[in-house]
Colleague: 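Let me give you the structure first, and then I'll get to my questions.
Only a predicted model underlies this, so the values are computations on that prediction, with no experimental measurement involved.
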Amino acid sequence: MSRFFEWWRRGSVWVWLSSAALALSLIMVAGLVLLLGAKGLGFFWPSNIQQFQLADGLVLRQVTDHESEGRYHPARIQLKVANRDIYGQDFRWIDLADIQQSSLPKDALFVERLEYGPFIGRLIQIEEYGQVLARGDEALSIARSRLPSAKAHNAQIKTLEQSEAGSLNTRIEKLRLAERKSELQGKQTPQTMQEAENKRKELHQQFEQLQTRLDALRAQSNSLTVTLETVDGHSKVIPLANIARLVSPNSVGLFGKIGTYLSRMWEFLSTGPREANTEGGVFPAIFGTVMMVMIMSIIVVPLGVLAALFLREYARDGWVVRAVRISVNNLAGVPSIVFGVFGLGFFVVTVGGGIDNFFFPERFPTPTFKTGGILWASLTLALLTLPVVIVATEEALAAVPRSQREGSLALGATKWQTLWNVVLPGASQGILTGLILAMARGAGEVAPLMLTGVVKLAPSLPLDATFPFIHLDRKFMHLGFHIYDVGFQSPNSEAAKPMVFMTALLLLLIVLVLNIFALRLRKKLRRRTGGSSF
Amino acid sequence: MSTAPHVEKIFAQRALVSDEFPLTDTTVRIAPILIRTKSLNLFYGEKQALFDINIGFPKNTVTALIGPSGCGKSTLLRCLNRMNDLIDGVRVEGKVLLGDQDLYAPGVDVIGLRKHMGMVFQKSNPFPKSIFENVAYGLRIQGIRDRLVIQEAVERSLQGAGLWDEVKDRLSESGLGLSGGQQQRLCIARALAIQPEVVLMDEPCSALDPIATAKIEELIFELKEKFTIIIVTHNMQQAARVSDFTGFFWLGKMIERDLTERIFTNPKQQLTEDYITGRFG
Ligand SMILES: Nc1ncnc2c1ncn2[C@@H]1O[C@H](COP(=O)(O)OP(=O)(O)O)[C@@H](O)[C@H]1O
Ligand SMILES: [Mg+2]
């Protein structure tokens, strides 16, 4: 009894409880990361292709899942069907009992196509302009060796389409806008109209020339084709240029598989999405997320720090300040979608509309800023994370010892000089802590973005080589929204499920990287200032 | 320690001086008085903390303010550079004259006057900056940009504070990395860098060990050559060692003020005697 009392008096129970709470949180976080990794990281692995003899014929499939005998079904396996254009189905369960025979044919081929998803089957032959170049294994090696150049050719066509056709398009659009502007300003004369007309004709002509050139290139690229065949006899002829990768998992060794794995991973990180986001990569979403968080940070830190400075250092501590402080703290509890609505109503419609009316009247009715864009999304998130920065900064300011302020003032510094030279540097670590929290929150928000500028597929990045380089009015892609879109809005989300997990993992990773960046900055500051308060 | 020769010098001068300096018995003038208070009353809100203080601080001397804690020593010290202005609800009556300028006259440039008064606090308070920047701070906020001027001032001040030899190789390291005694001397150097006329010290050694304390006491003795020093201390031995004059305070009133030697050997007031003999406080 007395020993229990002693134990209680020492507070051991609280030590136990707090360590248990910490352990629980760690387990939950680790569990989340492990789940994402387990479900997502296998996505890129080229697993073997099995050939099964079933009662109703042969199938050539990858096994994606298996279940032992359950209450409502016998032991069974899930197979990736592929060849969506032929079977119209992504997955199929078969009972183990139905399998009469299984094997691993060496020539089974996993073809990653740019359209209709992957194809599982065999390569029969390769043709150029209808002439058969080779058959069987030889055809496969020719296809492999010519794949890079076919891809490069395709990429060339893409850039031509984007840059030249794009620039022609912008020039035609600029011409139209200039015309419209002079019309709105009442400066139009028959002569200017004629000039514009001529110019337009010329541009259209150039456009047509480009089109013919592109058509020729496309025809050339489409001339090299391969014939593929499924195990049950359906055959398909597709241009080699439409193939992203040819994998024969059954015949390459471990290193070959690792190579494929890494190359797929790299594709995921560095390219844009295909097939309604369910294939390809997520690079534009990574880019959009990082850029948005950065713009948000650039906006929220000065704003939050100034607001906190005013609240703590200048405002007279009365009921107004107390009311403001309570409101700011409560702002953190407002549902994020409400911020989205506010962003839409205030930033997009009011501010954006104002900008459009004032600066871009000739573009009416096409909106420039009166529509969602990365600037409005960042501003909305800056508003959303403002309380975090304000609260953290206020705490940090309060933690700067009074003696240091007095030391500065006694040397003849003004209040502002003291704040700027002593108090703010002393509080900088706390401010950065606030920024870290704000970034983590901002990077993970999706709801407000859906109203203020995020899209499923953005035609271009908000940062590129055309003037003015940073396009704050552009819509952008975001990893969080990508997760929602691929996982819940796409027609074949089952097939893309691993991609959802991968995207989530990536989002966590990016938040981590951004945080590490801020932490290192904080550490650097600490080294410089000698580390006090925080 | 080393008070005696200086006091002898003062005694020697006593014969020469006139009647302007109100000591308790004889009227002497040792040196021109740099800063003095006249009927100074201070209120923290309703509560009066200083009652009718009249005290002068002669140039290039050390004056110690002693008395039980809460008697208003720090308050008086902070009146001299108007640091009390920072506290809400403080009201001051009377005058503080620096030369013939009243520091509490309307329209006085408070920021400007603080440049004449270096201050060293009870707890050392270096800024979270490098040693160099700590000392350079007072100059930088005055808008001095010239690197040579700043470098020279930093070296001179650190030498003045007896810290130069210890830190000259690590000026760019943080001031917070120094030991307690070094930090306090860094704060002294920082105060010296703005070339004040008066150095105010509020119990500068109360958080230091005996060796660091001895260093600072030596330093005070040297600094007196150039500055007028006013030091608050609760340590009577220290007051006896370093100061030329001592003022004894009690409950916000100045009970007695005289040459240190006389305060400690032959006080006029019973209260003073009780205090220095340890009968209360
Ligand atoms: N900021 C303040 N507000 C109200 N009263 C104060 C404040 N600072 C000091 N006092 C009071 O003024 C008196 C003198 O204090 P102080 O000058 O700090 O004494 P000492 O330095 O001699 O120990 C004390 O009674 C103290 O309680
Ligand atoms: Mg005190």
Side-chain angles (χ1 to χ4, degrees), chain A residues 305 309 311-322 392-393 395-434 521-534, chain B residues 74 77-78 80-88 109-131 133-143 172-178 183 186-187 189-196 198-202 207:
Chain A
V305 170
L309 262 186
L311 270 182
R312 174 135 316 249
E313 305 288 338
Y314 284 101
R316 202 163 277 269
D317 204 21
W319 66 269
V320 182
V321 168
R322 244 170 293 148
T393 307
E395 295 296 316
L397 289 176
V400 174
R402 188 187 164 78
S403 65
Q404 285 186 358
R405 298 163 190 254
E406 289 198 333
S408 167
L409 290 166
L411 287 169
T414 61
K415 181 163 187 176
W416 174 250
Q417 282 175 325
T418 302
L419 281 179
W420 184 254
N421 293 302
V422 176
V423 178
L424 273 183
S428 58
Q429 292 170 34
I431 295 172
L432 277 175
T433 307
L521 197 70
R522 197 170 77 174
K523 205 164 147 201
K524 210 164 129 191
L525 271 175
R526 182 172 311 164
R527 211 174 305 128
R528 218 177 61 202
T529 57
S532 54
S533 48
F534 269 76
Chain B
S74 300
L77 201 69
R78 291 162 61 91
L80 302 181
N81 64 349
R82 292 191 62 167
M83 285 299 278
N84 283 330
D85 290 18
L86 304 175
I87 300 167
D88 276 345
D109 167 21
V110 178
I111 307 286
L113 87 84
R114 290 197 187 126
K115 289 172 194 154
H116 300 290
M117 315 273 183
M119 191 166 202
V120 179
F121 296 80
Q122 183 166 359
K123 202 177 150 284
S124 63
N125 55 351
F127 302 132
K129 295 173 182 292
S130 69
I131 294 171
E133 285 305 322
N134 258 287
V135 183
Y137 184 81
L139 302 174
R140 291 214 195 277
I141 55 170
Q142 287 178 26
S172 59
E173 283 173 34
S174 169
L176 294 164
L178 297 173
Q183 285 194 11
L186 179 64
C187 292
R190 188 173 75 185
L192 299 185
I194 57 172
Q195 296 192 295
V198 184
V199 178
L200 310 170
M201 296 183 170
D202 193 349

Colleague: Where is the tightest heavy-atom contact between B:P128 and A:G426, given as atom of each residue plus distance?
Modeller: CG-CA, 4.3 Å
Colleague: Side chain, backbone, both or neither: which part of B:M83 has an atom under 4.5 Å from a heavy atom of chain A?
Modeller: side chain
Colleague: Are more than 12 heavy atoms from other residues, nucleotides or ligands located less than 6.0 Å from atom NZ of B:K123?
Modeller: no
Colleague: Taking all non-hydrogen atoms of both residues, which atom of A:A410 and which atom of B:N81 are closest, and how far apart?
Modeller: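 Closest approach of A:A410 to B:N81, heavy atoms only: CB-ND2, 4.3 Å.
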Colleague: Closest heavy-atom contact between A:G407 and B:F127?
Modeller: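 Looking at all heavy atoms of both residues, the closest pair is C-CZ, 3.9 Å.
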Colleague: What part of B:R140 lies closer than 4.5 angstrom to a heavy atom of chain A: side chain, backbone, both or neither?
Modeller: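 For B:R140, no heavy atom lies under 4.5 Å from chain A.
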Colleague: Checking heavy atoms, do the side chain of B:I194, its backbone, both or neither come under 4.5 Å from chain A?
Modeller: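 Only the side chain of B:I194 comes within 4.5 Å of chain A.
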Colleague: Got a sec, which pairs hit ring-ring contact (aromatic ring centres under 6.0 Å, His included) with one end in residues 396-416 of chain A, sequence neighbours left out?
Modeller: A:W416-A:W420
Colleague: CG of B:N125 to CZ of A:R405: how many Å apart, nearest 0.5 Å?
Modeller: 12.5 Å
Colleague: Let me know if B:P126 has heavy atoms under 4.5 Å from chain A in its side chain, its backbone, both or neither.
Modeller: backbone
Colleague: B:I141 and side-chain contact (heavy atoms from CB on, under 4.5 Å): which partner among A:T414, A:N421, A:T418?
Modeller: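 By the side-chain contact (heavy atoms from CB on, under 4.5 Å) criterion, B:I141 pairs with just one of A:T414, A:N421, A:T418: A:N421.
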Colleague: Does A:R402 have any side chain to side chain donor-acceptor pair (under 3.5 Å) partners at least two apart in sequence or in another chain, and if so, which?
Modeller: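 Checked A:R402 against side chain to side chain donor-acceptor pair (under 3.5 Å); matches are A:E406.
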Colleague: Can you tell me how far apart CG (B:D88) and CZ (A:R316) are? Round to the nearest 0.5 Å.
Modeller: 6.5 Å
